[in-house]
Amino acid sequence: MIYQVSTVFKNKDLMPIGYHLQALSTDKSLDFNVFVWNVEPGIKFDYATGRSRIDRSMKVSDSTE
């Protein structure tokens, strides 16, 4: 298997906005290229400073639609 994970920053932010994941198995049964956002339900991130705070109004959809 070959895989790669790249941390993605915006401008000069101290915290990444997400992660780019890629993988390919030698038999080609696994092949993906996805972006995973750096978010957490109930937490508000300040990507510029790397700080976070509780924010219950922040929602992250768990829908796959």
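Heads up: numbering here begins at 1 and tracks the sequence. What you see is a predicted model; the values in this text were computed from it and never measured. Both backbone and side-chain heavy atoms feed into the values below; hydrogens, waters and symmetry mates do not.
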With side chain to side chain contact (heavy atoms under 4.5 Å, CB included) as the test, would you mind laying out the steps for Phe9 and Ile17 before giving the verdict?
CA-CA 6 Å; Phe9 289 88; Ile17 61 168; over 6 Å; no

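- Two residues are said to be in side-chain contact when any heavy atoms from C-beta on lie closer than 4.5 Å; Val8 and Pro16 fail this criterion.
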Could you give the side-chain donor-acceptor pairs of residues 43-51 under 3.5 Å, partners two or more places apart or in another chain?
residue, atom, partner, partner atom, Å
Asp46, OD1, Ala48, N, 3.1
Asp46, OD1, Thr49, N, 3.4
Asp46, OD2, Thr49, OG1, 3.4
Tyr47, OH, Asn38, O, 2.6
Thr49, OG1, Arg51, N, 3.2

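- Under a cut-off of 6.0 angstrom, the local environment of OH in Tyr3 is sparse, with at most 12 non-hydrogen atoms contributed by other residues, nucleotides or ligands.
- The hydrophobic clustering, which links ILVMFWY residues whose side-chain heavy atoms are closer than 4.5 Å, places Val5 and Val36 together.
- Asp55 meets the side chain to side chain donor-acceptor pair (under 3.5 Å) test with Ser57; sequence neighbours excluded.
- Scanning for side chain to side chain donor-acceptor pair (under 3.5 Å) contacts around Ser52 gives an empty result, with sequence neighbours left out.
- Annotation: side-chain contact (heavy atoms from CB on, under 4.5 Å) contacts of Asn11 (sequence neighbours excluded): none.
- Residues Met1 and Leu30 meet the side-chain proximity criterion, which asks for heavy atoms closer than 4.5 Å.
- Residue pairs that meet the side chain to side chain donor-acceptor pair (under 3.5 Å) test with at least one member in residues 14-24, sequence neighbours left out, are His20-Asn33.
- When the side chains of ILVMFWY residues are joined at heavy-atom separations under 4.5 Å, either directly or via intervening members, Met15 and Val39 end up in a single hydrophobic cluster.
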